[in-house]
Q: 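I am attaching a structure below and will ask some questions about it afterwards.
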Amino acid sequence: MTAATFRHPSALAPLVEAWEGIAGVLERVGGAVIDLLIRLWLAKVFFVWGVLHASNWDATLQLYAGAGAAPGLGAQIAAVLGTGIELICPLFLVVGLATRVAAIPLLLLAIAVEFTDRTMANHLYWIAFLGILIVRGAGALSVDALIAPHLAGSAIPLGASLRKIAAFKHRYLLPPFELIVRIGIAWLLWSRGFSDSPATLQIVGLILCVLFALGLATRAVALILAILSVTVFFHSAPLGDLVLRLLLFLSFVLYGAGPFSLDQAIWVRLQQLCPSVFGDRDWLANAPHVVIVGAGFGGLAATMSLRHAWANVTLIDKCNYHLFQPLLYQVATATLSPADIAQPIRGLLREQQNCRVLMGEVTGVDGAQREVLIGDLRIPFDYLVLATGARQSYFGHDDWAALAPSLKKVEDATTIRSRILAAFERAEACPDEAERRRLMTFVLVGAGPTGVELAGAIAELAHQSLTGDFRTIDPATARVLLVQAGPVVLPAMPKALSLAATESLTKLGVEVLTNARVEAVDAGGVQIGDKRVEAGTVIWTAGVMASEASAWIKAEHDHAGRIIVGPDLAVADMTNVFSLGDTSSCKGADGKPLPGLGAVAKQQGEYIGRLIRARIEGRSSPGSFRYVDYGTMATIGRKSAVADLSFVELSGSIAWWLWGLVHVAFLVDVRSRVAVVFDWFWSYLTYNRSVRLITGGEGRPD
Ligand SMILES: Cc1cc2nc3c(=O)[nH]c(=O)nc-3n(C[C@H](O)[C@H](O)[C@H](O)COP(=O)(O)OP(=O)(O)OC[C@H]3O[C@@H](n4cnc5c(N)ncnc54)[C@H](O)[C@@H]3O)c2cc1C
């Protein structure tokens, strides 16, 4: 690929993409809230009317008799029907269940009131809102939104047909309806809001009304109208009217004008005229090919930071999900389920048009041909990023792996969870006291962050969550041993925090053995120095080894197999091949290799994305990679943690809250954040672990 064939993306592309992102968030988050508020407000209005009508039945009968009941209905039946609708349908609106169906009788009632009772502006707003509800649906915060995706395949009668009707309405009825509503509101505003104003305001009002009706700069115009509606023109109107108008305009601010508008016509035309700005796929036809292997913290960050680049990005991972490893120990100890911390890669990158995701295990790299190998499949690259992470190291005792599982993958976490839970089940059924003691002894080898967090969580599970569940054994008597070859736990942290962590662990009932080396692991337990410990469950949390990526490219590596990279994270003698995260060794500002942390991998991924993009666009590269250290943390149980922030050291509950906030914020999607917070909240309040499942053959009692 020569520089002449590169087509630089317009500088406007990031702006357009940023706007699309903002509009998307406005629509998804703000739109969901506004839809809910509109439903609640309408429900309130009709329900209050219903209560008033029901509580004063004579007046209601007179009202219906005076207004002229619906054709063929007497005043009595019309009053019962009308009041019934007012009392029942709002309940469906509140929860957003069968919203479209519930809105139809309310719409008919609003129309009847408008044409038989005193004509009022707010009746017309009700009609507009209910019409929008019927064609657009209840919005994201509703029961309808929860069940709609499953309707077609469900046993609900006519489920598939209902779904088709809703899709038809959304596609064919919503656009013209939005147009009618815009014109109707513009007319209402002009005739009942602006026409009585001073001359200058009349001109401004006329311009705003015309723009709104045409759907030009709709979001901005609707925002101005929303502000005016609660300040200048309608300050004397009743509160109910103000709220109605405000909600209506805000709904246009968030959703825009819809397809039948000048905004949309201009947008489509711009896309045709400037494909480079709007990311037309054909425009990427001759773009350089960037292959990223590994969708962990680093690989995903690199991929995402290339989203505006003129590049065809292929992200390859052997799993179809991105895993948030820092919370794996909570899966292993039954607080979270795997789906809370693992998200499908395709879903995360759905919006990134220049990226394709391939699931496959890379087996090698053909450097001469510039191809990545997935078995027989060859993927060509112009730039290659190796981000394949690390695996556990048993320091030359790989045979211990089956006896002492480590914690690196989802499968490891569910295996450990099954083994821990099954140990208690076996102990409950075991007649022999010594064997019961052995089964209820848990040994963790290695007191880095994973060992410390896991030990605290197992102690809490045994000593608090499981108490009362068994009849023969007392889980509170379980032994949890944390074995550390060195003199302190968390050796990478300042001494004061190591001591604080030891103290917290001891309070939870963990036996911390320092300066103790595990010499052997067998089916019955472990040999620690000259001491034998009988243990039913041994978990390996010591030492990691880089993936085999260095062998693929025959690159220089350190004792842990990590590829040695330069200050720009490129592999020596291969300027178009980069490596990052746990699989690489990069020196920090102090000249020492950077630690294997998610934050390091993420920052490196973002840097490599920027660097590759600059190279593609022929710009000067960003300087050398510099890691910004925001600190490290480890949690011990449900209320204590240690945090070494570069400017302060924290321990105890403050550190725990900080740890929780940071980990929730770093989860990659909203669903996971909500699920994790809910599960934590539940287990915090109840001590209960919601995911106490023994799955797979591994941990099931024989
Ligand atoms: C239990 C645990 C707790 C941790 N806690 C913390 C913490 O609290 N804070 C912190 O900062 N860090 C923590 N870490 C470390 C952090 O998770 C890693 O440093 C980080 O994940 C490294 O990111 P990475 O992108 O280099 O590799 P990873 O995130 O490991 O991603 C590597 C990816 O490559 C894929 N892959 C591997 N081989 C192949 C192949 N041959 N073909 C295709 N795909 C492949 C894998 O499937 C994986 O998706 C923890 C790690 C563990 C295991």
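Numbering starts at 1 and runs along the sequence shown. Worth knowing before you read on, the calculation uses all heavy atoms, side chains too, and leaves out hydrogens, waters and symmetry mates. In each ligand, atom 1 is the first atom listed, and ligand 1 is the first ligand listed.
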Q: Which atoms of ligand 1 are found less than 4.0 Å from any heavy atom of A387?
A: 32 (C), 33 (C), 34 (O)

Q: Check whether any N or O atom of T583, backbone or side chain, sits under 3.5 Å from an N or O atom of ligand 1, and answer yes or no.
A: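 For ligand 1, there is no N or O atom that lies under 3.5 Å from one belonging to T583.
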
Q: Using a 3.5 Å distance criterion without hydrogens, assess whether the side chain of S418 forms a donor-acceptor pair with backbone atoms of T695.
A: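 Yes; judged by distance alone, with no hydrogens or angles, the pair exists.
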
Q: At a 4.0 Å threshold, what atoms of ligand 1 neighbour a non-hydrogen atom of G581?
A: 26 (O)

Q: What atoms of ligand 1 come closer than 4.0 angstrom to any heavy atom of G596?
A: 15 (C), 19 (O)

Q: Nearest heavy atom to atom 52 (C) of ligand 1 wins, so pick from Q392, H663, Q325, K318.
A: Q325

Q: Could you list which atoms of ligand 1 come closer than 4.0 Å to a heavy atom of E361?
A: 41 (N), 42 (N)

Q: What protein heavy atom sits nearest atom 31 (O) of ligand 1, and how far off is it?
A: G296 CA, 3.1 Å

Q: Quick one: closest heavy-atom pair of S579 and I608, and the distance?
A: O-CD1, 4.3 Å

Q: For atom 5 (N) of ligand 1, which protein heavy atom lies nearest, and how many Å away is it?
A: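 Checking every protein heavy atom, the shortest distance to atom 5 (N) of ligand 1 gives P326 CA, 3.4 Å.
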
Q: Which residue and non-hydrogen atom of the protein lie closest to atom 27 (O) of ligand 1, and at what distance in Å?
A: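 Ranking protein heavy atoms by distance from atom 27 (O) of ligand 1, first comes G389 CA, 3.3 Å.
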
Q: Does Q352 reach the main-chain N or O of T303 with its side chain, forming a donor-acceptor pair under 3.5 Å?
A: yes

Q: Please check if the side chain of D558 supplies one atom and the backbone of G561 the other of a donor-acceptor pair under 3.5 Å.
A: yes

Q: Does the side chain of V488 reach to within under 4.5 Å of the side chain of M493, using non-hydrogen atoms?
A: no

Q: What residues form a ring-ring contact (aromatic ring centres under 6.0 Å, His included) with H663, not counting sequence neighbours?
A: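 Applying ring-ring contact (aromatic ring centres under 6.0 Å, His included) to H663 gives W659.
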
Q: To check your reading of the model: name the closest protein heavy atom to atom 23 (O) of ligand 1, its residue, and the distance in Å.
A: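 Ranked first by proximity to atom 23 (O) of ligand 1 is A601 CB, 3.4 Å.
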
Q: Going by ring pair (Phe, Tyr, Trp, His ring centres under 6.0 Å), name the pairs with one or both residues in residues 560-613, residues two or more places apart or in two chains.
A: Y607-F625

Q: Please could you name the atoms of ligand 1 that G298 approaches to less than 4.0 Å, counting only its heavy atoms?
A: 25 (O)

Q: Among G598, P595, A634, A599, whose heavy atom sits nearest atom 10 (C) of ligand 1?
A: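 The nearest heavy atom belongs to G598.
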
Q: Could you tell me, atom by atom, which parts of ligand 1 come under 4.0 Å of a heavy atom of G360?
A: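 Reading through ligand 1 atom by atom, the close ones are 42 (N), 43 (C).
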
Q: Would Y321 count as being in polar contact with ligand 1, using the rule that some N or O on each side must be under 3.5 angstrom apart?
A: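 In this structure, Y321 places no N or O atom under 3.5 Å from an N or O of ligand 1.
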
Q: Where is the nearest protein heavy atom to atom 41 (N) of ligand 1: which residue, which atom, and how far?
A: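 Ranking protein heavy atoms by distance from atom 41 (N) of ligand 1, first comes V362 O, 3.1 Å.
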
Q: Would you say the side-chain atoms of R613 pair up with the backbone N or O of R610, donor to acceptor, closer than 3.5 Å?
A: no

Q: Does a side-chain N-to-carboxylate-O contact under 4.0 Å join K409 and E411?
A: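 E411 and K409: not salt-bridged.
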
Q: I need the atoms of ligand 1 closer than 4.0 Å to a non-hydrogen atom of G294, numbered in the order shown.
A: 33 (C), 34 (O), 35 (C)

Q: How far is atom 49 (O) of ligand 1 from its nearest protein heavy atom, and which residue and atom name does that atom have?
A: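 For atom 49 (O) of ligand 1, the nearest protein heavy atom comes out as D317 OD2, 2.6 Å.
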
Q: Is the ring pair H322/F297 parallel, tilted or perpendicular, if the boundaries are 30 and 60 degrees?
A: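 Plane angle over 60°, so perpendicular.
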
Q: Out of all atoms in ligand 1, which are within 4.0 Å of some heavy atom of T450? Include the element for each.
A: 1 (C), 2 (C), 3 (C)

Q: Please write down residue, atom name and distance for the protein heavy atom closest to atom 37 (C) of ligand 1.
A: T388 O, 3.3 Å

Q: Output yes when D382 and R615 qualify as a salt bridge under the 4.0 Å nitrogen-oxygen rule, no when they do not.
A: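 Looking at D382 and R615, the cut-off is not met.
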
Q: What protein heavy atom lies closest to atom 18 (C) of ligand 1? Include the residue and the distance to one decimal.
A: D582 OD2, 3.3 Å

Q: For the backbone of W540 and the side chain of Y394, can you confirm whether one donor and one acceptor N or O come within less than 3.5 Å of each other?
A: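 No: the side chain of Y394 does not pair with the backbone of W540.
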
Q: Should one rank F297, W552, Y630, F324 by closest heavy-atom distance to atom 20 (C) of ligand 1, which comes out on top?
A: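 Selected option, by shortest heavy-atom distance: F297.
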
Q: Taking CD in Q527 as the centre, count heavy atoms belonging to other residues, nucleotides or ligands within less than 6.0 Å. Is the count above 12?
A: yes

